[in-house]
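Take a look at the structure below.
Since we're looking at a predicted model, the values are computed, not measured. Because only heavy atoms are used, hydrogens play no part in the values below, and waters and symmetry mates are left out as well, while side chains stay in.
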Amino acid sequence: MSLLIIAVCLAAGSLIGFMGGALGIGGGLIAIPALVLLMGMSQQLAQGTALIMVLPAITVAVRKYNQQARIDRRVAAAGAAGAVVFTWVGARLALGIESSVLRQSFAVFLFFVALFYVWQTWRAGRLAARRQRPEQASEQRSEHPLEKPAPSRPVPILTPRRASVLGMLCGTLGGFFGVGGAVLAVPIITTVFRLSQTTAQALALCMVIPGSTIALITYAWAGQANWMVGLPMAIGSLLFVPVGVRLAYKLPERKLRVCFALLLFATVALLVFES
């Protein structure tokens, strides 16, 4: 491999690592369509190669997230345990279908996840607008002092058992698409269990580390991983993941969700263009 290609892979890995650290996705969502579109790889080969870069990057990202706020290890371990076997199942399924079908499935999956994030951001904006009218609500309560406020529904707690079920689902998707487990886990954790965006990103990445290792072994065993491309990208990614994580804790949550959704829509566009 020429020095120019190595330099390009290092630069690409640096950019992907930065974005992956900021958005809590490991960077694979960007790497896979880039490898398909720019290097002419099949979907399976791109997914396996992206895992070479993703695995060390998400490990570093988790460490940085944990330095900012302690991760619930019991929940993270339960989710990771649930993901391991199902990641292997998903990877075996992906290796058995046509590249074009896998790529189209990947695009559809990301499109609906992006739509979900748009809805979540819009919903968060409406809730924030309601909270900005406390005086009006206070006046209404004073007019009806005997009227009791409607009880709010309790928020479910993300227990280890629930995390293991979430890990099974995310593991299957992560194995099938090479990435995707964290992409699905983050909106579920923020919407259903009402945890913050950065906490959800940290837990989701913890859950996919063991499964991503299994997926990488499975893809590499089948000859669907280019180490000469993946390793320089991994080195570049490791250098800039910490910078992206620091940015994640400085951005407002709503802007972080918008960035996440825009990145997903851009990835879908790249995949559709390649098709």
Side-chain angles (χ1 to χ4, degrees), residues 1-64 91 94-95 99-100 102-104 106-107 110 114 174 177-183 201 205 208-209 212-213 215-248 259-260 262-275:
M1 177 180 287
S2 68
L3 292 177
L4 177 60
I5 295 178
I6 293 176
V8 170
C9 290
L10 282 169
S14 300
L15 176 61
I16 292 170
F18 170 75
M19 297 182 70
L23 301 176
I25 56 174
L29 286 178
I30 314 166
I32 291 173
L35 291 171
V36 170
L37 187 63
L38 301 177
M39 301 197 70
M41 292 185 179
S42 67
Q43 185 71 18
Q44 285 89 341
L45 182 58
Q47 292 180 182
T49 303
L51 281 168
I52 300 171
M53 181 203 71
V54 165
L55 188 55
I58 60 178
T59 303
V60 171
V62 165
R63 181 173 175 271
K64 293 299 179 180
L95 291 170
S99 177
S100 59
L102 183 60
R103 183 166 57 250
Q104 291 166 4
F106 187 45
L110 293 184
F177 293 125
V179 294
V183 176
Q201 290 175 184
L205 290 178
V208 301
I209 288 176
S212 296
T213 305
L216 176 57
I217 293 171
T218 306
Y219 278 93
W221 189 267
Q224 298 294 335
N226 189 327
W227 293 87
M228 297 300 292
V229 171
L231 286 176
M233 292 181 68
I235 294 171
S237 178
L238 288 174
L239 296 175
F240 282 85
V241 163
V243 182
V245 173
R246 285 197 295 271
L247 178 64
C259 291
F260 203 165
L262 290 175
L263 177 63
L264 295 180
F265 280 125
T267 304
V268 171
L270 281 174
L271 290 169
V272 171
F273 175 79
E274 202 283 333
S275 298

*Decide yes or no for Phe240 and Leu15: does some side-chain heavy atom of the first lie under 4.5 Å from some side-chain heavy atom of the second?*
no
*Rounded to the nearest 0.5 Å, what's the gap from CZ on Arg246 to NZ on Lys64? Could you check?*
7.0 Å
*Do Ile32 and Phe177 have side-chain heavy atoms sitting under 4.5 Å apart?*
no
_Between CZ on residue Arg63 and CG on residue Leu205, distance to nearest 0.5 Å_ = 15.0 Å
*Nearest-0.5 Å distance, CD1 of residue Ile16 to CE of residue Met53*: 5.0 Å
*Which heavy atom of Trp227 sits nearest a heavy atom of Pro232, and at what distance?*
O-CD, 4.0 Å
*State the CD1-OG1 distance between Ile58 and Thr213, to the nearest 0.5 angstrom.*
7.5 Å
*Write down the atom of Leu238, the atom of Pro56, and the distance for their closest heavy-atom approach.*
CD2-O, 3.3 Å
*About how many Å separate CD of Gln43 and CG of Leu35, when rounded to the nearest 0.5 Å?*
10.0 Å
_Side-chain donor/acceptor of Gln44 to backbone N/O of Ala94, under 3.5 Å_ = yes
*Spatial distance of atom OG (Ser237) from atom CG (Leu55) [nearest 0.5 Å]*: 11.0 Å
_Quick check: closest heavy atoms across Ala234 and Ile52, and the distance to 0.1 Å?_
CB-O, 3.7 Å
*Measure the shortest side-chain to side-chain distance between Met228 and Cys9 over non-hydrogen atoms and say whether it is less than 4.5 angstrom.*
no
_Using only atom types and a distance under 3.5 Å, with no angle test, would you say the side chain of Thr49 pairs donor to acceptor with the backbone of Asn226?_
yes
*Can you see which heavy atom on Leu45 is nearest to which on Gly223, and at what distance?*
CD1-O, 4.3 Å
